[in-house]
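Labels below follow one simple rule: chain letters A, B, ... track the order of the sequence lines, proteins then strands, and each chain is numbered from 1. For clarity, every value in this text was computed on a predicted model and none was experimentally measured.
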Amino acid sequence: MSFSARLLGWYDRSARVLPWRIAPGRAEVPDPYRVWLAEVMLQQTTVAAVAGYFAHFTERWPTVADLAAAGDAEVMAAWAGLGYYARARNLLACARAVVAEHGGCFPDSEAGLRALPGIGAYTAAAVAAIAFGRPAVVVDANIERVIARHRCIETPLPAAKRAIRDALAPLVPGDRPGDFAQALMDLGATLCTPRAPVCARCPIAADCRARGRADIERLPVKPPKKARPRRHGVAHWIERDGAIWLVQRPGKGMLGGMRALPGGEWSDEPPGESGIVRVDHGFTHFDLTLVLVRRETADAAAEGIWWPISDLDAAGLPTLYRKLVVKMLERDA
DNA sequence: GAGACGTGGAG
DNA sequence: TCTCCAAGTCT
């Protein structure tokens with residue numbers, strides 16, 4: 001039996017049930033908007049983390065036109081806590097481009113999708129395959145791992161991407177390419193896991209070159225990690241009449257475009273003053289220690305908004321600031 | 001190609 | 001506690 005037949009047979013029996021997925025065998029037609037939204041949310045983000053956000057977004061903005069008509073602030077606030085906030089900025093830009101330049105319908109080709117904001121090689125291929133049945137070569141981190149092991153590719157990532165893609169391309173079936181891609185991702189997420197893969201239940205183990213190797217977990221080979229430096233910052237708690245002063249961070253860079261507590265630039269050295277509350281927060285490429293100090297007044301020139309303390313959940317603060325606020329309120333309590 | 005860019009869960 | 005890392009994209 002062919003690679004894709006074995007894989008799809010397994011998928012028909014074992015596909016995960018996910019809110020954005022149409023179960024294999026159902027005649028239902030996928031909604032490209034929902035497929036795209038899920039794919040963007042799932043970039044570098046776990047299924048568990050995405051589920052609630054996906055439900056909220058699709059309920060509040062059922063179509064791409066609804067999303068395109070939404071305001072920047074409400075979309076950024078709805079994304080708060082999910083991370084990688086450039087995705088939210090690009091999400092909105094993409095929705096607006098689909099409405100303005102494509103009459104509200106997503107392009108049905110990989111190239112057309114790839115040209116939209118926030119849609120890279122992976123997402124373009126995934127949407128083309130899943131939403132439009134195009135035989136695109138979908139390669140994400142799961143699929144890289146599955147193929148690197150199946151072919152025993154020893155080249156370290158990211159240089160191995162070419163070999164992985166070349167190995168996968170001839171395996172993509174003309175029929176059910178979307179299920180094929182999702183099957184490989186499910187396989188990587190549930191059986192061909194980074195650690196302790198379950199080869200005994202793998203549908204493609206028969207011809208897997210890494211099966212049985214004691215060092216199968218070594219594949220795919222990845223470059224060594226770099227140490228994360230620690231940085232420091234000060235945030236200001238400016239309170240008046242049961243409200244606190246919130247600002248919006250610059251459109252680019254860390255937490256770009258997100259609502260935040262005001263404060264100084266982050267630095268490599270600890271600040272002179274010690275705060276009343278402190279949080280340690282890990283980002284991808286550095287750890288941050290942020291201290292909170294009271295201030296009586298905001299910068300006269302600064303743009304911002306007085307936000308009721310009783311309704312801070314609705315402010316859409318990223319996790320860093322939410323942690324600080326929670327600690328501050330616990331302290332006062 | 002390499003670095004920037006979040007967060008929370010698992011082992 | 002600590003490291004790894006999850007359906008990547010952009011510059």
Polar-atom pairs under 3.5 Å, protein N or O versus N or O of nucleotides 8-11 of chain B: list them with distances, or write none.
residue: dG8(B); atom: OP1; partner: R322(A); partner atom: NH2; Å: 3.4

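When the salt bridge (charged side-chain N to carboxylate O under 4.0 Å, His left out) test is applied to R16(A), the partners found at least two apart in sequence or on another chain are D186(A). With sequence neighbours left out, R96(A) forms a salt bridge (charged side-chain N to carboxylate O under 4.0 Å, His left out) with D72(A).
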(Q) Let me check I have this right: for DNA chain B, each base becomes ., (, ), [, ] or |, based on Watson-Crick or G-U pairs with both distances under 3.5 Å. What is the full string? (A) .||||.|||||
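For DNA chain C, none of the residues of residues 156-178 of chain A falls under the heavy-atom distance limit of 4.0 Å. Residues from residues 253-260 of chain A lying near DNA chain B, meaning a heavy-atom separation below 4.0 Å, are G253(A), M254(A), L255(A) in numerical order.
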Identify all side-chain donor-acceptor contacts of residues 277-285 of chain A below 3.5 Å with residues at least two apart in sequence or on another chain.
residue: R278(A); atom: NH1; partner: D280(A); partner atom: OD1; Å: 3.3
residue: R278(A); atom: NH1; partner: D280(A); partner atom: OD2; Å: 2.7
residue: D280(A); atom: OD1; partner: R230(A); partner atom: NH1; Å: 3.3
residue: D280(A); atom: OD1; partner: T289(A); partner atom: OG1; Å: 2.6
residue: H281(A); atom: ND1; partner: K323(A); partner atom: NZ; Å: 2.8
residue: T284(A); atom: OG1; partner: Y84(A); partner atom: OH; Å: 3.4

Could you go through residues 240-256 of chain A and list every donor-acceptor pair under 3.5 Å that involves a side-chain atom there, pairing it with any protein atom two or more places apart or in another chain?
residue: R249(A); atom: NE; partner: M254(A); partner atom: O; Å: 2.9
residue: R249(A); atom: NH1; partner: Y321(A); partner atom: OH; Å: 3.3
residue: R249(A); atom: NH2; partner: M254(A); partner atom: O; Å: 3.2

Can you give the donor-acceptor pairs under 3.5 Å from side chains of residues 155-169 of chain A to other protein atoms, not counting sequence neighbours?
residue: K161(A); atom: NZ; partner: E144(A); partner atom: OE2; Å: 2.6
residue: R162(A); atom: NH1; partner: D166(A); partner atom: OD1; Å: 3.3

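The CZ-P distance, from R228(A) to dC4(C), rounds to 10 Å in whole Å.
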Q: Just do the side chain to side chain donor-acceptor pair (under 3.5 Å) check on T45(A) and R87(A) with the steps written out, would you?
A: CA-CA 11 Å; T45(A) 309; R87(A) 292 185 296 171; 3.0 Å; yes
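Of the two residues near DNA chain C, K225(A) and L116(A), the one whose nearest nucleotide lies more 5' is K225(A). Residue order along DNA chain C, read from the 5' end via each residue's closest nucleotide, puts V47(A) first among V47(A) and P117(A).
Evaluation of the ring pair (Phe, Tyr, Trp, His ring centres under 6.0 Å) test over residues 121-174 of chain A, restricted to residues two or more places apart or in two chains, returns F3(A)-H150(A).
In this structure, V29(A) stands alone, with no Ile, Leu, Val, Met, Phe, Trp or Tyr side-chain heavy atom under 4.5 Å from its own, directly or through other members. Chaining together hydrophobic side chains whose heavy atoms lie under 4.5 Å apart leaves I22(A) on its own.
Closest to the K222(A) side chain, of the nucleotides dG3(B), dT7(B), dC5(C), is dC5(C).
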